[in-house]
Amino acid sequence: MAEINKAPRGTCDVLPQDSAKWQYVEDKMIETAKIFGFSEIRVPVFEHTEVFTKSVGDTTDVVQKEMYTFLDKGDRSITLRPELTAGVVRSVIEHGLLSGPMPLKVCYIGGCYRYEKPQAGRLREFHQFGVECFGAKSPAADAEVILLADHLLKNLGLKSYSLHINSIGCPECRKNYHAALKEYFRSQSDRLCGTCLDRLERNPMRILDCKSPVCSEIAAGAPVVLDYLCDECREHFEGVKSHLTAAGIDFSVDPHIVRGLDYYTKTVFEFVSTSLGAQSTVCGGGRYDGLIEQMHGAPTPALGFGMGIERLLMIMEAENAAMPESKKPDIYLAPMGEAAALKCTALCKALRDEGFIALTDITGRGLKAQMKYADKIGARFTMVLGDDELTANKGKIKCMESGEQTEISLDEIREKLYELAYYDGITADIDSLIK
RNA sequence: GUGGAUGUAGCUUAGUUGGCCUAAAGCGCCAGUUUGUGGCACUGGAGAUCGUGGGUUCGAAUCCCAUCUUCCACCCCA
């Protein structure tokens, strides 16, 4: 039974009192990406289902049991994007962006949809910031993308995070590794948990990730991917580490990082925070050199990451990271009577044209109630306009913090606010005035 | 999908051996306390089918069943 007054499970509303935080981090994200030469791309919330099954991988949990898939009225199988990389890759191929200057660097912010059981840091609709870099196979590219994420997290004031990297090699070296893994785990198969037995044939690398005490104990003795890398992959990984070190970034090599999406090759990495619950990864990504070709584009090396915005905000909350407060109204004009109301409308328009946040009464309530309201919304200044003011064309502008009142001509409100703006952090851009 | 906890006004809670509960308080909201000024105080008001649906009972917010939500963990991932 659908509830008309309840949001669907696993979704949440960003309420007016919180939207400033979202705007703040989203601005930082785009701004940081720009510093690294990434420009925003916007792609649809839904795609043809194949876009995801062919890229994310049809044996993955994401595709197998978490996608919102439906038939549209034209009998097309449509899926709400569970992540953004696939759609972005589709888009850059479709529009020939890979024939432009290389490397191509894009970033995005958007909602993702996964039918999961909600818990701390896990929602059915969640939002990701991410970047994708196409056409760069050098380890410097891997480092740059990782540096971007680190730069952003630092700039947002995060402290409790750490970077873990690994290389899962190219399809070539992974073949050998899978064989070695299977052999190892088969020898212990009687002790593995049920899900891991499943994984043994399908994707033995996932066993390394299992959190059951027995499995992780077994996994601890398993062959390590890094020992099975081909020369090229090993060299590449060494290069990534060198670049990170050169940039002075702390990281640890964690051979147990296995990403859950099929398209990854070579470098994979995660930014993990201790300020989160069980869902401790705030940012995850890696290289996917084979994906573009797999999606019928010209073979192009590529990599990127996704960062969970809700998780990021959770960390910032937990760590008391600095967040900007939403801007308060500069002035509230309190009319008394119909004639005054007209004047207030006119004055507000003039002030708003200058960029001030100017408010007036739209409920028809009494003066006292208006003053209370002005106080509650945090207006810096108020001015009462009644018949007296209209005839004299003068009024008292009141500073709500000090209670001080100054008599001014009604024609001077704009100038008065500009004057006050110099030392009171008022909203309108005072630079234009200085010029 | 599996497991554990939870659910009373917008928020935080009181109320549970079933009957003075036709549900209470604080905060918040609205309105007043000499149509001319907010923060304090006082007064009043609106606001809850006690998550929902069944059942037991003379009687259920209180007991039983189901269901949903939220939270937490597994799984998986951001």
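The shown structure was predicted, so the numbers you read here are calculated from the model rather than taken from an experiment. Chain identifiers are assigned alphabetically (A, B, ...) following the order of the sequence lines, protein sequences preceding nucleic acid strands; residue numbering begins at 1 within each chain.
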Around atom [atom1] of [X], are there more than 12 heavy atoms from other residues, nucleotides or ligands closer than 6.0 Å?
X	atom1	result
A:Asp387	CG	no
A:Lys154	NZ	yes
A:Glu407	CD	yes

Could you tell me whether [X] contacts a base, only the sugar-phosphate backbone, or nothing, with contacts defined as non-hydrogen atoms closer than 4.0 Å?
X	value
A:Arg114	base
A:Ala374	nothing
A:Leu312	nothing
A:Val282	sugar-phosphate
A:Gly277	sugar-phosphate
A:Gly366	nothing

Identify the heavy atoms of A:Cys344 and A:Leu333 that sit nearest to each other, and give their distance.
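Minimum heavy-atom separation between A:Cys344 and A:Leu333: SG-CB, 3.8 Å.
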
So is A:Arg174 actually on top of A:Tyr228's ring, under 6.0 Å and inside 45° of the axis?
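So A:Arg174 doesn't make the cation-pi contact.
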
Report the residue (A:Gln405 or A:Tyr373) whose heavy-atom-nearest nucleotide on RNA chain B is the more 5′ of the two.
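Going by which nucleotide is closer to the 5' end, it is A:Tyr373.
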
Residue closer to the 5' end of RNA chain B, A:Asp61 versus A:Gly403 (nearest nucleotide)
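The answer here is A:Gly403.
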
[X] side-chain proximity, nearest of [options]:
X	options	answer
A:Asp375	B:C77, B:G39, B:G36	B:G39
A:Met336	B:U35, B:A78, B:G1	B:U35
A:Lys65	B:U37, B:C77, B:C75	B:C75
A:Arg365	B:U37, B:A31, B:C71	B:A31
A:Ala278	B:G32, B:A73, B:A78	B:A73
A:Gln279	B:G38, B:C74, B:A31	B:C74
A:Lys376	B:C30, B:G38, B:G36	B:C30

If only side-chain N and O atoms of [X] are considered, is one of them under 4.0 Å from the OP1 or OP2 phosphate oxygen of [N]?
X	N	answer
A:Arg259	B:C77	no
A:Arg122	B:C72	no
A:Arg9	B:C68	no

Donor-acceptor pair (no angle test) under 3.5 Å: A:Glu389 side chain, B:G36 base
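Donor-acceptor pair under 3.5 Å: yes.
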
Considering only heavy atoms and no angle criterion, is a donor-acceptor pair shorter than 3.5 Å present between the side chain of A:Lys368 and the base of B:G36?
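No such pair is found, so the answer is no.
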
Name the pairs: protein N/O against N/O of nucleotides 3-10 of chain B, kept only if under 3.5 Å.
from: B:G3; atom 1: O6; to: A:Lys117; atom 2: NZ; distance (Å): 3.2

Relative to the ring of A:Tyr68, is the ring of A:Tyr115 parallel (under 30°), tilted (30 to 60°) or perpendicular (over 60°)?
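Plane angle over 60°, so perpendicular.
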
My understanding is that a pair needs two contacts under 3.5 Å, Watson-Crick or G-U wobble. By that rule, which nucleotide pairs with [N]?
N	answer
B:G26	B:C11
B:C71	B:G4
B:C42	B:G32

Rounded distance (Å) that lies between atom C1' of B:A78 and atom CZ of A:Phe271
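Rounded to the whole Å, the gap is 13 Å.
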
Whole angstrom is fine here: how far is it from CD in A:Glu66 over to P in B:G1?
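For the pair A:Glu66 CD and B:G1 P, the rounded distance is 12 Å.
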
